[in-house]
Colleague: 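Take this structure, written in structure tokens, and hold onto it; I'll ask about it next.
Bear in mind that the values here come from a model prediction, so they are computed numbers and not experimental data.
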Amino acid sequence: MSLINDLINLDLTDTTKKIIAEYIWIGGSGMDLRSKARTLSGPVSDPKELPKWNYDGSSTGQAPGTDSEVILYPQAIFKDPFRRGNNILVMCDAYTPAGDPIPTNKRHAAAQIFSHPDVEKEVPWYGIEQEYTLLQKDVRWPIGWPVGGFPGPQGPYYCSAGADKAFGRDIVDSHYKACLYAGVNISGINGEVMPGQWEFQVGPSVGISAGDELWIARYILERITELAGVVLSFDPKPIPGDWNGAGAHTNYSTKTMREDGGIVVIKKAIEKLGLRHKEHIAAYGEGNERRLTGRHETADINSFSWVSCNKKMHGIT
């Protein structure tokens, strides 16, 4: 194993100018992350300098077997914390060979919105709080929990320290540092309310960069849990019953909101959100009806509500 570790950590910078670029994209479920690596002739800092690439979309649920080629367009570059050196991670989105975004490519439409002059001048900030659960690989049960059993009730685990309360800190700290190394604007971490559950925060990031950074942070976490032999879950309610769920709470503001008198703009935006509550809930992913029950620090999924400094707002953000 020591030789394998030596090879994994092999520094190529003294022997070749070539680098490895890991092309990353979102798979057909909208949550699964896929990647493949290719060799480039030298360091690259601008995604426009990267070649497009392709993959078999029939193997990711993104194309039929009779016409399976999907093209990757590089969109953002991050330093690779696993291979290090000049090697990079590349966030991509996916298109047909004719240049049309495939149905699961949500980034394309987002980029059009964020590049609109009216949007750009508002400098939209996002701060995303990504909660997740670490599961024992073979039994799919939270780490730190007795197999087939339950820990003590919630209360001592949130932002905790101690071997009987905080489970998985080595993974969490590794992820934190790896994201900083990669160039992800990760702003913090903390243990969550349910034991075995954690959170990291990305932002404040401007516009579409928030999405790129969040997906790369998720990818890095997937890779670290792979190395640790632990399963990563973003399930909204991984354990039924009297246990907190997991969300990706989103904090948002515009330049106008952040200026004097911005509270008026904020209230107008909230009123607009309330008019399309059902449409927004439908777009927030599957399984939220199990989490948004009005209990465990959430709002009810069928109700839109807002108030200043109320933790229940987490259910609708």
Colleague: Fit a plane to each ring of Y126 and Y252, take the angle between them on a 0 to 90° scale, and name the class: parallel (under 30°), tilted (30 to 60°) or perpendicular (over 60°).
Modeller: tilted
Colleague: For A248, is there any backbone N or O sitting under 3.5 Å from a side-chain donor or acceptor partner on T250?
Modeller: yes
Colleague: Between P146 and P151, what is the shortest heavy-atom contact and its length?
Modeller: CD-N, 4.1 Å
Colleague: For the side chain of S115 and the backbone of A111, is there at least one donor-acceptor N/O pair under 3.5 Å apart?
Modeller: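 Yes.
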Colleague: Under 6.0 Å from the CD atom of E286, do we count more than 12 heavy atoms belonging to anything else shown?
Modeller: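 Count not over threshold, so no.
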Colleague: Is the backbone of Y284 close enough, under 3.5 Å, to the side chain of N288 for a donor and an acceptor to pair up by distance?
Modeller: yes
Colleague: Ignoring hydrogens and geometry, is there a side-chain-to-backbone donor-acceptor pair from S209 to S205 under 3.5 Å?
Modeller: no
Colleague: Kindly compute the distance separating CG (D300) from OG1 (T293), expressed to the nearest 0.5 Å.
Modeller: 7.5 Å
Colleague: Grouping I, L, V, M, F, W and Y whenever their side-chain heavy atoms are under 4.5 Å apart, do L227 and F200 come out in a common cluster?
Modeller: yes
Colleague: Would you call D93-K106 a salt bridge at under 4.0 Å N-O?
Modeller: no
Colleague: May I have the step-by-step check of ring-ring contact (aromatic ring centres under 6.0 Å, His included) for Y95 and H108, ending in yes or no?
Modeller: CA-CA 9 Å; Y95 297 78; H108 175 77; 5.8 Å; yes
Colleague: Residues two or more places apart in sequence or in another chain: which of them pass side chain to side chain donor-acceptor pair (under 3.5 Å) with S253?
Modeller: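 Side chain to side chain donor-acceptor pair (under 3.5 Å) check on S253 returns R258.
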Colleague: Using the ring pair (Phe, Tyr, Trp, His ring centres under 6.0 Å) criterion, which residues pair with W141? Sequence neighbours excluded.
Modeller: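 W141 satisfies ring pair (Phe, Tyr, Trp, His ring centres under 6.0 Å) with W145, F150 only.
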Colleague: Under 3.5 Å, side chain of T225 to main-chain N/O of V231, donor-acceptor pair present?
Modeller: no
Colleague: Quick one: list whatever passes salt bridge (Lys or Arg N to Asp or Glu O under 4.0 Å) with D242, sequence neighbours left out.
Modeller: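 Partners of D242 by the salt bridge (Lys or Arg N to Asp or Glu O under 4.0 Å) criterion, ordered by chain and then number, come out as R295.
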Colleague: Counting neighbours of CZ on R38 that are heavy atoms of other residues, nucleotides or ligands and sit closer than 6.0 Å, is the number greater than 12?
Modeller: yes
Colleague: Let me check something: do W306 and M257 share a hydrophobic cluster, defined by ILVMFWY side-chain heavy atoms less than 4.5 Å apart, either directly or through other members?
Modeller: yes
Colleague: Could you go through the side-chain contact (heavy atoms from CB on, under 4.5 Å) check for M194 and I239 one step at a time?
Modeller: CA-CA 9 Å; M194 188 180 83; I239 305 297; 4.1 Å; yes
Colleague: Can you check whether D6's main-chain N or O pairs, donor with acceptor, with N9's side chain at less than 3.5 Å?
Modeller: no
Colleague: Taking V90 as the starting point, is it possible to reach F82 by hopping between hydrophobic residues whose side chains are less than 4.5 Å apart?
Modeller: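 They do not share one cluster, since no chain of ILVMFWY contacts under 4.5 Å joins F82 to V90.
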Colleague: So among K36, Q62, E69, which one has a side chain to side chain donor-acceptor pair (under 3.5 Å) with Y55?
Modeller: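 Of the listed residues K36, Q62, E69, the side chain to side chain donor-acceptor pair (under 3.5 Å) partner of Y55 is Q62.
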Colleague: Is there a donor-acceptor pair closer than 3.5 Å between any side-chain N or O of D32 and the backbone N or O of I26?
Modeller: no
Colleague: Working note: I88 + F78, criterion side-chain contact (heavy atoms from CB on, under 4.5 Å); need CA distance, chi angles, decisive distance, verdict.
Modeller: CA-CA 6 Å; I88 55 176; F78 298 84; over 6 Å; no
Colleague: Between the side chain of W243 and the main-chain N/O of K237, is any donor-acceptor distance below 3.5 Å?
Modeller: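 Such a contact is absent between W243 side chain and K237 backbone.
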Colleague: Using a strict cut-off of less than 4.0 Å between a Lys/Arg side-chain nitrogen and an Asp/Glu carboxylate oxygen, indicate whether K267 and E271 qualify as a salt bridge.
Modeller: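 Salt bridge: no.
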Colleague: May I ask you to decide whether D235 forms a salt bridge with R290, counting only side-chain N to carboxylate O separations under 4.0 Å?
Modeller: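 Yes, D235 and R290 are salt-bridged.
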Colleague: Taking P142's backbone N and O only, do any of them form a donor-acceptor pair with Q136's side chain (distance below 3.5 Å, no angle check)?
Modeller: yes
Colleague: Donor-acceptor pair, distance only, cut-off 3.5 Å: does the side chain of Q75 make one with the backbone of M91?
Modeller: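 The answer is no, because no donor-acceptor pair under 3.5 Å joins these two groups.
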Colleague: Under 4.5 Å between any side-chain heavy atoms of V123 and T254, yes or no?
Modeller: no
